[in-house]
Amino acid sequence: MLKIAVLVSGGGSNLQTIIDRVSDGYLDKVSIEYVISDTKGAYALERAKKAGIRTLTYDKKEYGDSLSGKILETLKGNVDVIVLAGFFSIIKKELIDEFRNRIINIHPSLIPSFCGKGAYGIHVHEKAIEYGVKISGCTVHFVDEGTDTGAIILQKSVPVYGEDTPKQLQERILVEEHKALPEALKLISEGKVRVEGRKTYISAQ
Ligand code: GRF
């Protein structure tokens with residue numbers, strides 16, 4: 001079993017997808033051990049509690065700079081993989097080092113477009129529309145010391161229409177996120193993802 005912790009800050013629709021895919025058997029080799037929020041009252045926590053998953057809140061206002069250390073202390077030796085599913089705090093080197101190539105993030109654009117510092121939430125989609133791209137999408141990647149710079153595991157694309165609002169584009173991409181994240185987790189749980197430098201190689205079986 002691949003033991004995972006899911007880190008969240010907000011609504012948790014991606015968390016919900018993982019919960020659903022574990023319970024319908026698609027993620028049959030994954031078990032969600034913890035959901036940790038950096039924000040008190042995040043709706044994602046309700047979703048986790050409903051599913052009977054252990055939840056912890058390390059509020060960023062309270063923990064500040066020691067947030068990563070606290071997460072490390074909690075998860076070291078207790079989980080195999082950490083999933084950032086709409087987690088907006090910065091992860092520090094100590095945590096990345098301990099979980100090298102074992103932390104994944106989902107980002108709502110086709111990296112390396114519209115990512116990096118300041119590219120989060122609705123801003124990502126505003127930038128894509130402003131730029132006039134015809135295709136956007138989402139990326140699941142490993143987390144390294146940079147912002148959205150780690151090796152890419154998989155990407156899914158959607159069309160961008162001339163009359164799109166950022167909200168409409170966000171919703172269209174979210175549908176794909178809900179497929180991409182479970183797919184990436186399934187591949188990892190089946191030992192099919194190998195990382196070499198900044199590339200991943202996915203084995204067919
Ligand atoms: C998603 O768009 C994800 O790509 C980004 O944050 C958002 C989280 O949404 N990192 P939700 O909380 O999973 O609904």
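Ligands are counted one by one from 1 in listed order, and the atoms in each one are counted from 1 as well.
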Checklist line | Min N/O separation L174 to ligand 1 under 3.5 Å | finding: no
Margin query: If you count every heavy atom of other residues, nucleotides or ligands that lies below 6.0 Å from Y63 atom OH, does the total exceed 12?
Written below: yes
Item checked: Heavy-atom nearest neighbour in the protein, as seen from atom 8 (C) of ligand 1, with distance rounded to 0.1 Å -> G86 CA, 3.5 Å
Notebook entry, point to check: Looking only at distance, does S13 have an N or O less than 3.5 Å from an N or O of ligand 1?
Noted result: yes
Notebook entry, point to check: How close does the nearest protein non-hydrogen atom get to atom 1 (C) of ligand 1, and which residue and atom is it?
Noted result: E177 OE1, 3.1 Å
Check: Looking only at protein heavy atoms, which one is nearest to atom 5 (C) of ligand 1, and how far off is it?
Finding: I106 O, 3.8 Å
Note to self: Yes or no: does F88 have any heavy atom under 4.0 Å from an atom of ligand 1?
What the structure shows: yes
Checklist line | Gap separating the CD1 atom of I153 from the CG atom of N105, nearest 0.5 angstrom | finding: 9.5 Å
Next item on the list: Evaluate the side-chain proximity of I91 to F99: yes if any heavy-atom separation is below 4.5 Å, no if none is.
Entry: no
Notebook entry, point to check: Would you call K92 and D65 a salt bridge, using N to O less than 4.0 angstrom?
Noted result: yes
Margin query: Under 3.5 Å, is there a donor on one side chain and an acceptor on the other for S13 and H178?
Written below: yes
Item checked: Residue, atom name and distance, where the atom is the protein heavy atom closest to atom 13 (O) of ligand 1 -> N14 N, 2.8 Å
Check: Does a donor on one side chain sit under 3.5 Å from an acceptor on the other, for E33 and S31?
Finding: yes
Item checked: Test of proximity, G12 against ligand 1: N or O pairs below 3.5 Å -> yes
